[in-house]
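Notes follow the structure.
When reading the values below, keep in mind they use all heavy atoms of this one structure, side chains included, and skip hydrogens, waters and symmetry mates. Owing to the predicted nature of the structure, the values given are computational and were not obtained by experimental measurement. Start at 1 and go down the list; that is how both ligands and their atoms are numbered.
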Amino acid sequence: MCGIIGIIGKDQVADRLVDGLRRMEYRGYDSAGVCTVKDGALVRRRAEGKLANLVKELAAHPAPGTVGIAHTRWATHGAPTTSNAHPHATGEVALVHNGIIENFRPLREALIARGRRFESETDTEVVAHLISEQVEAGKSPQEAVEAVLPQLRGAFALAIAFRQHPDLLIGARLGSPLVVGYGEGETYLGSDALALAPLTQRIAYLEEGDWVVITRDGVRIFDRENKEVERDVTTSGVTAAAVEKGPYRHFMQKEIFEQPTVVAQTLSSYIRPLEQTVALPQMDFDLDGIDRITIVACGTSFYAGMVAKYWFETFARVPVDIDVASEFRYRDPVLQPGGLALFISQSGETADTLAALRHCKAQGQTIAVVVNVPTSSMAREADLLLPTHAGPEIGVASTKAFTCQLAVLAALAAHLALRKGKLSAAEEREIVRHLIEAPAALNAALAHDEEIAAMAHLVAPARDVLYLGRGPDYPLALEGALKLKEISYIHAEGYASGEMKHGPIALIDEAVPVIVLAPSGPLFEKTVSNMQEVMARGGKIVLISDAEGLAEAGEGSMATIEMPRVHPLIAPLVYAVPVQLLAYHVAVAKGTDVDQPRNLAKSVTVE
Ligand code: G6P
């Protein structure tokens with residue numbers, strides 16, 4: 001969470017820093033700030049709230065200079081006020097930080113005992129003081145940073161500017177991502193390649209423990225032992241256009257509508273349409289010996305994992321444990337030797353998931369990662385990398401990454417089933433045929449956009465909403481509820497339809513809309529019975545099903561949404577669309593900030 005950027009440039013940097021922050025605002029938007037170095041002074045401008053407030057501040061009080069750093073914040077320590085906004089500075093040093101300094105309390109107390117005065121409640125400010133102490137004692141910027149980094153515990157990506165050195169910036173990373181961008185007579189630091197997209201595509205990804213000294217025309221990278229090292233410079237491929245809204249009103253809307261394309265794009269790396277076979281990108285990877293899978297993820301990615309549990313067990317007959325990442329490590333899970341640990345993440349940087357991955361690696365598990373950012377920490381630490389090709393996802397609420405994750409997981413389940421001898425070649429062809437149909441089915445689902453927009457007013461006034469589903473559509477009910485909570489701030493719960501009678505049914509009255517996900521198939525009748533239990537108590541149903549399902553059970557519903565008739569395997573992909581659209585249109589009707597909902601951040605790089 002939090003985005004950082006630094007530019008050591010030929011021309012003025014303030015506007016370009018702000019532009020970089022705009023591309024990273026999805027990482028957090030509690031406050032923003034810039035600091036430039038000009039004529040031996042640190043020029044700092046900060047504002048609480050969205051970036052627009054910083055833009056106003058800079059219009060009133062410009063920050064001239066050709067070297068600078070900037071930050072967009074998702075608050076962890078200290079309220080989202082201006083005084084807690086980054087950059088944090090002393091007379092000599094200004095810095096921006098993404099992560100958490102876990103030992104900041106003892107460091108702060110020791111600094112206060114040595115007479116340092118703090119102006120914020122943040123963990124970050126200790127780092128500014130520690131480096132400043134060294135500089136004030138006559139150390140060079142490099143010596144100062146080298147002395148301070150070993151004192152810090154926790155996670156950090158840092159960009160540091162020095163009052164007396166307008167010719168350099170220093171960056172460092174441990175646990176939070178940081179990249180170096182190479183320009184023409186300019187050099188950059190950023191939390192990700194996206195932030196630097198309009199500036200350069202030539203990117204080096206720093207490794208854990210690396211720190212870097214950048215000047216206008218040079219980069220020196222050091223590892224955690226302070227040994228100078230080389231890191232590959234790659235072409236990022238992220239263009240500035242990938243992060244524009246185009247004709248859409250919101251990024252989330254654009255990303256919902258991109259799903260047919262990006263799911264097709266993703267599937268093309270996992271199936272051979274002509275042969276009608278499944279093929280993983282790392283063909284030589286041996287999954288034959290895998291007899292247990294542990295899935296770990298957070299948020300929407302966790303729900304993709306829940307759907308996959310049904311698939312792995314049904315098709316491959318491999319038992320699956322699944323946990324949210326924040327719980328996983330701390331319950332000291334029993335991991336069988338020879339197990340596969342599967343991590344699912346859009347960003348590949350979520351701190352809880354990354355920590356769980358490292359825990360499993362240390363326990364000798366084979367690490368598989370389904371991830372959307374191919375250069376992320378998780379991607380780089382995987383044994384088996386299973387990329388999704390959703391492209392940059394900017395809306396904080398995940399949409400297209402989810403359906404691409406499902407596409408990869410369905411292919412993986414089929415592949416595993418084949419390797420385990422649980423799937424015949426004919427059944428494989430059948431599965432591939434259904435997967436190939438997914439993009440068209442997603443298109444058909446999107447065709448109901450206007451209709452869903454028109455029914456948003458039925459849900460928008462509700463205080464509580466229930467989502468019900470069974471089998472692999474139960475995680476979809478959870479995802480639907482999460483989407484609604486995230487962007488419309490309506491309290492929503494997802495429930496396994498059969499479990500409703502054990503509690504939530506007590507909530508039912510005419511003020512609680514109940515969204516029922518019920519594709520035709522083996523579980524349809526059972527779900528419909530549960531739906532009738534709701535109706536009998538005056539509950540207002542929105543039934544999402546196909547034409548057959550609606551004909552059979554649609555009567556008496558407050559509203560219905562018709563989906564194309566699809567095989568149960570791809571139903572979770574297709575039924576993701578109406579729950580996303582419903583949440584989207586309800587949020588629009590309520591006038592909330594769809595792409596940047598309050599209190600959330602897209603990439604959560606703290607525990
Ligand atoms: C945050 C985002 C969610 C996302 C979750 C996991 O909470 O707001 O949309 O599902 O993190 O992120 P990941 O990048 O690991 O999939």
Sequence neighbours excluded, every pair satisfying side-chain hydrogen bond (donor to acceptor under 3.5 Å, both in side chains) that has a member inside residues 461-470: Asp464-His491, Arg470-Asn530
Do [X] and ligand 1 have an N or O pair less than 3.5 Å apart?
| X | result |
| --- | --- |
| Ile344 | no |
| Gln346 | yes |
| Thr353 | no |

Test ring pair (Phe, Tyr, Trp, His ring centres under 6.0 Å) applied to His71 - qualifying residues, sequence neighbours left out: His86
Atoms of ligand 1 close to Thr300 [distance to a heavy atom under 4.0 angstrom, numbered from 1]: 10 (O)
Per-atom contacts, ligand 1 versus Ser398 - under 4.0 Å to a heavy atom: 9 (O)
Test: Glu313 and Lys309 ion pair at under 4.0 Å: yes
Salt bridge Arg22-Glu25, side-chain N to carboxylate O under 4.0 Å: no
Over 12 foreign heavy atoms within 6.0 Å of CD, Glu499: yes
Closest candidate by heavy atom, reference atom 6 (C) of ligand 1, pool Ala401, Ala297, Cys298: Cys298
